[in-house]
Amino acid sequence: MDTDFWHRRWQRREIGFHNDEVHHFLQRFFPQLNLPQGAKVLVPLCGKSHDLLWLCEQGYQVVGVELSQQAVEEFCQENRLQPEIRAVDGFRCYQFERLSIYCGDFFALSEKQTGRVDAVYDRGSLVALPPKMREDYVRQLRQLLKTGNQMLCISYDFDQQQRPGPPFSVPQADLTELFADWCTLEKIHSESTLDRHQMLQAAEVQALQEEVYRLRIA
Ligand SMILES: C[S@@+](CC[C@H](N)C(=O)[O-])C[C@H]1O[C@@H](n2cnc3c(N)ncnc32)[C@H](O)[C@@H]1O
């Protein structure tokens, strides 16, 4: 899955993954991380998610990373933000109060841009990547994170035979394989949410569990 795939999705408005509201699992479960005010939260593959603004409203510094300039500009327009925009190390950085969005390839990001990170919020990121890219994603997170950092990850578990990804099904066994040798991993919630995923319903996916994991870097 190359970068053109995602640029095309944004150009053709094939963005069924985008929610018009803040994700209810973010509001419900992110407080369990007990982060102090001012903590820095990295949001990889952020799209134009309203979750970015909710995190800012909780008093966190937020760093989003998104490939599509169209997505970032829509985010700014739709939320009436007038960010400062500057070129930083090959990225276009949109800065607005406590929020920075790096427009460019997440796999090219380094600590030089993010600085110290305290937590990661992953919704629609790991599940957007095909299996062969997941190890690169995890390798990249390992470079950016330190012992004690936490992560809230929302994943999907469904029968991939019923519909090709994205989104991809990343069940607990796959998460354990990717993370267990460097993180503690706790499933904190699992809920059947097929009724909220029309595209999967239309593809006749029979069952979908949306699962919330809390990870801590050991
Ligand atoms: C499934 S969407 C999820 C967006 C967002 N997390 C949400 O919850 O709405 C995946 C997003 O990742 C972006 N993306 C894909 N590959 C990327 C990469 N290598 N670097 C940065 N963003 C990427 C896509 O443009 C798309 O907006």
Side-chain angles (χ1 to χ4, degrees), residues 1-30 41-56 62-79 88-94 99-110 113-114 117 119-141 143-144 151-156 158 160 163-170 193 196-200 203 205 208 210-213:
M1 188 160 297
D2 56 16
T3 54
D4 283 348
F5 170 85
W6 290 105
H7 289 304
R8 274 197 307 275
R9 292 277 300 250
W10 280 98
Q11 279 155 14
R12 295 178 185 165
R13 319 300 306 147
E14 292 169 359
I15 54 166
F17 52 80
H18 176 70
N19 285 329
D20 286 331
E21 292 175 354
V22 177
H23 200 291
H24 55 292
F25 286 168
L26 172 67
Q27 293 174 300
R28 187 165 159 201
F29 297 109
F30 203 79
V41 182
L42 175 67
V43 186
L45 283 63
C46 63
K48 59 170 183 173
S49 171
H50 295 288
D51 298 352
L52 295 165
L53 289 178
W54 184 86
L55 287 163
C56 289
V62 179
V63 178
V65 191
E66 170 55 49
L67 193 62
S68 163
Q69 187 171 331
Q70 181 178 340
V72 181
E73 296 199 343
E74 284 181 21
F75 174 79
C76 294
Q77 280 158 17
E78 289 169 11
N79 292 292
V88 181
D89 308 325
F91 290 85
R92 211 172 142 84
C93 179
Y94 294 67
L99 171 65
S100 310
I101 302 180
Y102 285 87
C103 183
D105 186 356
F106 173 65
F107 297 100
L109 194 76
S110 75
Q113 293 87 46
T114 61
V117 169
V120 170
Y121 170 59
D122 175 327
R123 184 271 162 183
S125 320
L126 184 61
V127 298
L129 301 171
K132 62 179 184 332
M133 289 182 75
R134 282 181 207 154
E135 286 185 10
D136 294 338
Y137 179 75
V138 168
R139 199 172 306 120
Q140 178 64 344
L141 286 179
Q143 282 184 30
L144 299 170
M151 181 163 160
L152 192 81
C153 178
I154 301 174
S155 191
Y156 295 138
F158 64 97
Q160 195 83 70
R163 187 195 187 270
F168 294 92
S169 173
V170 188
T193 57
R196 293 189 211 133
H197 290 82
Q198 288 169 358
M199 278 178 357
L200 295 179
V205 169
L208 167 73
E210 199 165 347
E211 307 195 312
V212 186
Y213 294 86

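Whatever order the structure lists them in is the order used to number ligands and atoms, beginning at 1.
Contact analysis leaves Pro167 out of contact with ligand 1, as no non-hydrogen atom separation drops below 4.0 angstrom. Using a 4.0 Å heavy-atom cutoff, Ala71 is absent from the residues neighbouring ligand 1. The closest approach between a heavy atom of Trp10 and any atom of ligand 1 is below 4.0 Å.
The side chain to side chain donor-acceptor pair (under 3.5 Å) with His23 is formed by just one residue from the set Glu210, His50, Arg28; it is Glu210.
Residue Phe107 approaches ligand 1 through these ligand atoms, each under 4.0 Å from one of its heavy atoms: 19 (N). Within ligand 1, the atoms closer than 4.0 Å to a non-hydrogen atom of Gly104 are 20 (N), 21 (C), numbered from 1 in the order shown.
In terms of protein heavy-atom proximity, atom 15 (C) of ligand 1 is nearest to Trp6 CD1, 3.3 Å. Closest protein heavy atom to atom 27 (O) of ligand 1: Glu66 OE1, 2.8 Å. The protein atom (non-hydrogen) at minimum distance from atom 9 (O) of ligand 1 is Arg123 NH1, 3.4 Å. Atom 4 (C) of ligand 1 has its closest protein heavy atom at Leu45 O, 3.3 Å. The single protein non-hydrogen atom nearest to atom 20 (N) of ligand 1 is Phe106 N, 2.9 Å, given as residue, atom name and distance. The nearest heavy-atom contact from the protein to atom 18 (C) of ligand 1 is Asp105 OD1, 3.7 Å. Among all protein heavy atoms, the one lying closest to atom 22 (N) of ligand 1 is Leu67 N, 3.0 Å. Residue, atom and distance of the protein heavy atom nearest to atom 10 (C) of ligand 1 are Gly124 O, 3.6 Å.
Between Glu66 and Ala71, the shortest heavy-atom distance links the atoms CG-CB, 3.9 Å. Residues Ala128 and Pro166 approach most closely at O-CB, 3.9 Å, considering heavy atoms. Nearest heavy-atom pair across Leu129 and Phe168 is O-CD1, 3.3 Å.
Between the Ser68 side chain and the Trp10 main chain, no donor and acceptor come within less than 3.5 Å of each other.
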### Message
Using the rule given for ring pair (Phe, Tyr, Trp, His ring centres under 6.0 Å), can you reason through Tyr156 versus His197, listing the C-alpha separation, both sets of side-chain angles and the distance that settles it, and then say yes or no?
### Response
CA-CA 11 Å; Tyr156 295 138; His197 290 82; 5.3 Å; yes
